[in-house]
Amino acid sequence: MILGAMTITLITGANKGLGRETARRLLEVGHTVFIGARDAERGQRTADELGGIFLKIDPTSEASVAAAADQVRSEYERLDVLVNNAGTAEPRVGAADLTVDEAMRGFSINVFGPIRVTHAFLPLLRASDNPRIVNVSSGVGSFTRLLTPGTVENAVTLPVYPATKAALTMLTVQYARALDGILVNAADPGFTATDFNNNRGTQTMTEGTDAIVRLATLPKAGPTGTFQDRNGTVPW
């Protein structure tokens, strides 16, 4: 069943934090939102509370992602907006102690997860009249901000998380260059109070989702291949 006027949106990692707030805001403006989550109980509870549709999806699992794509295909035959939000701050390991196995804990979800989900849902996005992909990156993936003394990002010394977000931003640019007709952009939520920073962030959850929501609601003529926060363009 194709409902032409309805915007069909999938948000991964939507059962809490930035993903949940993004879902709430997009539902508020009329999107039909799939609440993507690995944990069925939490995901269903969030979907019930917000009025979304729970979609079980683990971005680290080929089988899980394929099953999720099949469900969306069977119910709506297309996807208009994909928000690759699921991520992790792990491993919290310094450079001197970092191993490949530890690094993979971060890369498997923050980088390979969006690749896996994007690949699986690409045919459904191509069936949309105005497809958009939003990759939730971070200011610590900006070389400029990370290397500028006095910034919040400059205080981050753990290697893996910034490396995964820099990789995700570059993937965003390359997808934007290659996928004609699909707007692909990266969002930096900014220093927002979430589980990632033990709620030490200075922005509210709503402020942290401003860029995500803006990029998820772009018109056809909107920008692609950009890196944005709530105030505008983020330097590379």
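Values below: all heavy atoms of this structure, side chains included; hydrogens, waters and symmetry mates excluded.
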Taking side chain as C-beta onward, heavy atoms only, is [X] less than 4.5 Å from [Y]?
X	Y	result
I11	V33	yes
Y175	T224	no
R214	T209	no
L10	L79	yes
T88	R105	no
L158	Y161	no
N185	V134	no

With rounding to the nearest 0.5 Å, note down the distance linking [atom1] in [X] to [atom2] in [Y].
X	Y	atom1	atom2	answer
T7	R132	OG1	CZ	5.5 Å
R116	S61	CZ	OG	7.5 Å
L171	T118	CG	OG1	8.5 Å
M170	S137	CE	OG	11.5 Å

[X] with [Y]: basic N within carboxylate O range, under 4.0 Å:
X	Y	value
D70	R73	yes
D210	R25	yes
D188	R145	yes

### Query
Do you see a donor-acceptor pair shorter than 3.5 Å between the side chains of D101 and T99?
no

### Message
Here's a test for you: under side-chain contact (heavy atoms from CB on, under 4.5 Å), which of T172, N110, L82 qualifies with N135?
### Response
T172

### Pairs involving residues 107-159, ordered by first then second residue, that meet ring-ring contact (aromatic ring centres under 6.0 Å, His included) (sequence neighbours left out)
none

